There are 2 protein chains.
Amino acid sequence: MINVFIVDDHPLVVEGLKSLLYGIDDIQVVATAANAFEAFEILQKVNIDIAFLDINLPDVNGIELCKKIKGKWPNIKCIALTTSNERTIIGRMMQNGAVGYLMKSSSKDELIRAIRQVYEGGYFMNVTMSETVVDKSLTVPFLTRREKEVLGLIADGMTNVEIADKLFVSPTTIKTHRENLLMKFGVSNTASLIKVAAQQGLLEE
Amino acid sequence: MINVFIVDDHPLVVEGLKSLLYGIDDIQVVATAANAFEAFEILQKVNIDIAFLDINLPDVNGIELCKKIKGKWPNIKCIALTTSNERTIIGRMMQNGAVGYLMKSSSKDELIRAIRQVYEGGYFMNVTMSETVVDKSLTVPFLTRREKEVLGLIADGMTNVEIADKLFVSPTTIKTHRENLLMKFGVSNTASLIKVAAQQGLLEE
DNA sequence: ATTAAAATCCGCTTTTTAGAGGATTGACTT
DNA sequence: AAGTCAATCCTCTAAAAAGCGGATTTTAAT
């Protein structure tokens, strides 16, 4: 019997998963949690085989949670739960010990396949996602604090001069940061820079 | 007894809603559909009070479906089902006859309240969303086919000349489209254009 | 048939960014 | 003490976009 644990703050998703898994002989949902704090309390009491982790939790994000679970309970297999727009974060999730991910738009069959495959020591990824996307996500560039700051201001529509004024530095400095951003993201202009940044969730509101 | 109909291509969401509504005295889920085509077949046979419509259906989008339902069955109340990133489309949905919207992250209570409120002739909107967001969503600019196309190519990092070559038109034409895009979005440069476009879900993949 | 909207085109000027090739300072690591 | 890296600054040139003022032709809707 595979003991499944669901961590997601969306009741719809939790209920949906429970409902889809109900009646499957070798699988049982033994607990659910709406946030990382709750999740930890449960993990200490309940014996878990597989944990589904939402990437956007209210307190800690799924990536951190995954890392922590892997640290304390290395035998628990974590599967990331994602929506379409969060695909690019999957690479980071895998680097932090997840052994699978499942899009919330997956079918019942995919869900069950994911659980069994992961339980038997394998990896699971939605087939709809090509390796290229995974590769892309793995190349999320490391940005310095300053670069992130400049990136945000660029996305807000500010020019180099405006940003320079705001940060009390020279426009050439901002220009350099901008060039480094283009280089790190492997793009050739601002438009694609902002696009990939947005897709990787680096631009909040 | 309130007859509820769910149209969503995500099994998780369908199952979640069914499961959350199961056992509520005055509400019953009488049918579900995974796309607009299926939905229409069911609507002709089954008596529906309230229809939950996903905004991103595989065939027709939820906005179109809402419009068509309102045209044929004016008594059916449509509630838009949205995820966080689709918030901005809600304005259009309401303009096409929806009387409510519900985020997929809503709680069971909100869900039930939405159904009852709408059934009794009222409107329902998640309280978590302020009017400012709704205002924003109402100002999602209407883009022509060509403008959407050009927007996508701009986001891909292409210059006016490159886009012009690809579309077999003059660079000045692309320039005009670009100006119109900036104007419609109320922004002053490409960076913020791509940012808001991305936030409004206009840039896929 | 008329009108409105969309899509197409042009020239001109100014501003902004990209591209190339540098250099210096300070902080932290080894 | 040497090395690495982030952050800062510089010049010059070329390319691209923004801002201005137009115009014509399809296409669709009433």
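Treat the numbers as computed from the prediction; the structure is a model and nothing was measured. Below, chains carry the letters A, B, ... as their sequence lines are ordered, and counting in each starts from 1.
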*Return the value, rounded to whole Å, for the distance between atom CG of L153(A) and atom P of dT16(C).*
16 Å
*For atom CD of E179(A) and atom P of dC9(D), their distance in whole Å*: 15 Å
*Report the distance from atom CZ of F5(B) to atom CG of L53(B), rounding to the nearest 0.5 Å.*
8.0 Å
_side-chain contact (heavy atoms from CB on, under 4.5 Å) assessment of I48(B) paired with W73(B)_ = CA-CA 9 Å; I48(B) 307 287; W73(B) 299 275; over 6 Å; no
*Got a sec, which residues hit salt bridge (Lys or Arg N to Asp or Glu O under 4.0 Å) with E179(A), two or more places apart in sequence or on another chain?*
K175(A)
_Whole angstrom value for the distance that separates P of dT15(C) from CD1 of I163(A)_ = 19 Å
Can you give me the N/O atom pairs linking the protein to nucleotides 14-17 of chain D at distances under 3.5 Å, or say none if there are none?
unit_1	atom_1	unit_2	atom_2	d
dA17(D)	OP2	N160(B)	N	3.1

*Kindly determine whether L12(A) and L20(B) satisfy side-chain contact (heavy atoms from CB on, under 4.5 Å), including the steps that lead there.*
CA-CA 7 Å; L12(A) 219 62; L20(B) 286 172; 3.4 Å; yes
_Steps toward side-chain contact (heavy atoms from CB on, under 4.5 Å) verdict (D54(B), V13(B))_ = CA-CA 9 Å; D54(B) 182 25; V13(B) 175; over 6 Å; no
Table of protein N/O atoms under 3.5 Å from nucleotides 3-9 of chain C N/O atoms:
unit_1	atom_1	unit_2	atom_2	d
dA7(C)	OP1	R146(B)	N	3.4
dA7(C)	OP2	T144(B)	OG1	2.2
dT8(C)	OP1	R146(B)	NE	3.1
dT8(C)	OP1	R146(B)	NH2	2.6
dT8(C)	OP2	R146(B)	NE	3.0
dT8(C)	OP2	H177(B)	NE2	2.8
dC9(C)	OP2	S170(B)	N	2.2
dC9(C)	OP2	T173(B)	OG1	2.6
dC9(C)	O5'	T173(B)	OG1	3.4
dC9(C)	N4	T176(B)	OG1	3.0

List the atom pairs, with distances to 0.1 Å, where a side-chain N or O of residues 147-154 of chain A and a protein N or O form a donor-acceptor pair under 3.5 Å, not counting sequence neighbours.
unit_1	atom_1	unit_2	atom_2	d
E147(A)	OE1	T144(A)	N	3.0
E147(A)	OE1	T144(A)	OG1	3.4
E147(A)	OE1	K184(A)	NZ	2.7
E147(A)	OE2	K184(A)	NZ	3.4
E149(A)	OE1	R146(A)	NH1	3.0

*For K72(A), check side-chain contact (heavy atoms from CB on, under 4.5 Å) against everything at least two apart and list the hits.*
F40(A), Q44(A)
*Backbone N or O of V14(A) within a donor-acceptor pair of the D8(A) side chain at under 3.5 Å?*
no
*Hey, is the main chain of N3(B) close enough, under 3.5 Å, to the side chain of D49(B) for a donor-acceptor pair?*
yes
_Less than 4.5 Å apart, side chain to side chain, heavy atoms only: is that true for L21(B) and I115(B)?_
yes
_Angle between the two end axes of the helix from dA1(C)-dT30(D) to dC28(C)-dG3(D), five base pairs per end, rounded to 10 degrees?_
60°
